[in-house]
Undergrad: 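Before anything else, here's the structure in question.
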Amino acid sequence: METVTRSRWTTRNTLLVIVVAVLTLAALVFALQTDDPGRPGADGELEVVMEGYRFEPDVLTVPAETPLTFVFVNRDDTLHGVQFGRAVAGERAREVGFETDLFDGVPTEVSPSRARVDHRNPQAHLEVAVEPGETVRLRTELPADRVGEWEMGCFDACGAHYRVGLVGRLIVEPPSS
Ligand SMILES: [Cu+2]
């Protein structure tokens with residue numbers, strides 16, 4: 001009787017260990033997969049989808065001193081204007097963009113070219129306007145002095161898009177040697 005109970009326990013424990021191992025492995029694979037799309041591919045392209053007022057992926061990691069192409073895909077039914085920078089400018093509920101522009105002094109090429117907007121703030125920050133259903137490419141190469149953490153966001157509708165969550169992080173890493 002006691003032996004039967006013990007063996008039942010052992011079977012249950014073994015099953016539990018297997019279930020935990022499988023779940024851990026699944027979580028690891030999932031973490032690796034979700035981490036992966038935030039980096040550019042071998043061709044330097046990095047796709048960022050805007051859908052439901054969210055960026056997907058919302059954390060991007062790119063190397064400095066490497067040719068990059070951000071590919072923005074707008075799946076919402078409203079225009080989005082993407083900016084990259086630091087420190088939000090403007091009053092609360094009237095945010096206009098970032099104080100510091102990531103692309104300040106950095107050559108950029110936007111295609112189609114009409115999607116390029118030099119933002120209305122005095123610093124003429126770069127904004128990439130992506131019409132609903134449109135795909136816009138931004139080619140650039142970030143200098144080593146941009147290494148660090150930046151934000152990306154859309155400030156349309158007096159900053160409402162930014163406030164509801166169209167915001168993400170950009171990590172610029174030192175160039176890989
Ligand atoms: Cu927007």
Side-chain angles (χ1 to χ4, degrees), residues 1-88 92 95 98 100 102-103 128 130-142 144 146-157 159-177:
M1 184 88 163
E2 209 175 283
T3 325
V4 172
T5 317
R6 202 174 288 159
S7 93
R8 224 180 251 162
W9 260 103
T10 314
T11 312
R12 200 179 286 175
N13 283 349
T14 309
L15 269 171
L16 199 73
V17 167
I18 291 169
V19 167
V20 167
V22 166
L23 284 178
T24 309
L25 199 72
L28 253 171
V29 168
F30 182 75
L32 285 173
Q33 275 182 342
T34 50
D35 197 38
D36 207 36
R39 288 178 181 272
D43 54 3
E45 285 205 0
L46 175 46
E47 189 178 90
V48 183
V49 174
M50 288 166 276
E51 188 166 24
Y53 294 84
R54 292 282 183 280
F55 286 112
E56 177 52 43
D58 63 354
V59 180
L60 313 179
T61 307
V62 301
E65 294 181 354
T66 307
L68 298 169
T69 305
F70 294 95
V71 182
F72 300 107
V73 180
N74 185 357
R75 292 201 185 132
D76 282 330
D77 55 10
T78 184
L79 172 80
H80 289 307
V82 187
Q83 299 182 44
F84 288 84
R86 275 181 189 146
V88 173
R92 168 84 194 148
E95 297 88 346
F98 295 109
T100 311
L102 169 69
F103 299 109
V128 179
V130 191
E131 299 280 353
E134 198 179 44
T135 296
V136 174
R137 288 178 150 72
L138 163 65
R139 285 184 194 85
T140 191
E141 188 173 323
L142 295 164
R146 304 302 147 98
V147 167
E149 284 225 19
W150 300 81
E151 249 189 28
M152 61 179 168
C154 168
F155 292 89
D156 286 354
H161 291 194
Y162 179 86
R163 288 195 304 278
V164 297
L166 199 50
V167 54
R169 282 198 303 148
L170 173 77
I171 300 151
V172 182
E173 292 185 329
S176 44
S177 46

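What you see is a predicted model; the values in this text were computed from it and never measured.
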Undergrad: Under a 4.5 Å cut-off applied to non-hydrogen side-chain atoms, are F55 and V49 in contact?
TA: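 F55 does not reach V49 side chain to side chain.
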Undergrad: How are the rings of F70 and F103 set to each other: parallel, tilted or perpendicular (split at 30° and 60°)?
TA: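 Judged by the thresholds at 30° and 60°, the geometry between F70 and F103 is perpendicular.
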Undergrad: Using the test side-chain contact (heavy atoms from CB on, under 4.5 Å), find all partners of L79 that sit at least two apart in sequence or belong to another chain.
TA: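 By the side-chain contact (heavy atoms from CB on, under 4.5 Å) rule, L79 matches A129, E131, D156.
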Undergrad: Could you tell me whether E173 and R39 have a side-chain N and a carboxylate O separated by less than 4.0 Å?
TA: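 Judged by the 4.0 Å cut-off on N to carboxylate O distance, E173 and R39 do form a salt bridge.
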Undergrad: Please confirm whether the backbone N or O of G52 pairs with a side-chain atom of D76, one donor and one acceptor, at under 3.5 Å?
TA: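 Yes, D76 side chain to G52 backbone: donor-acceptor pair under 3.5 Å.
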Undergrad: Is T135 close to F72 at the side-chain level, that is, under 4.5 Å between some pair of heavy atoms?
TA: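 No. Closest side-chain heavy atoms not under 4.5 Å.
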Undergrad: So, taking the atom named OG1 in T61 and the one named CD1 in I171, what distance separates them when rounded to the nearest 0.5 Å?
TA: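 It comes to 4.0 Å.
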Undergrad: About how many Å separate CD of E47 and OG1 of T69, when rounded to the nearest 0.5 Å?
TA: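 Atom-to-atom, T69:OG1 and E47:CD are 12.5 Å apart.
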Undergrad: Are the side chain of D43 and the backbone N or O of E45 linked by a donor-acceptor pair below 3.5 Å?
TA: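 Yes; judged by distance alone, with no hydrogens or angles, the pair exists.
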Undergrad: If we only count heavy atoms from C-beta on, is the E134 to H80 side-chain gap below 4.5 Å?
TA: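 A side-chain contact under 4.5 Å is absent here.
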Undergrad: Can you confirm whether L46 sits close enough to L68 that some side-chain heavy atom of one is under 4.5 Å from a side-chain heavy atom of the other?
TA: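 L46 vs L68: side chains apart.
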Undergrad: Rounded to the nearest 0.5 Å, how far does CZ of F84 lie from CG of L142?
TA: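 Separation between the atoms: 9.0 Å.
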Undergrad: Check whether any side-chain N or O of T66 sits under 3.5 Å from a backbone N or O of A64 as a donor-acceptor pair, and report yes or no.
TA: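 Answer holds: yes.
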Undergrad: Is a donor on one side and an acceptor on the other found under 3.5 Å between the side chain of R86 and the backbone of E149?
TA: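 Such a contact is found between R86 side chain and E149 backbone.
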Undergrad: I need the single residue from Q83, R163, H161 that forms a side-chain contact (heavy atoms from CB on, under 4.5 Å) with F155. Which is it?
TA: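 Of the listed options, the one satisfying the test is Q83.
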Undergrad: Evaluate the criterion side chain to side chain contact (heavy atoms under 4.5 Å, CB included) for residue pair E151 and Y162; output intermediate values, then yes/no.
TA: CA-CA 11 Å; E151 249 189 28; Y162 179 86; 2.7 Å; yes
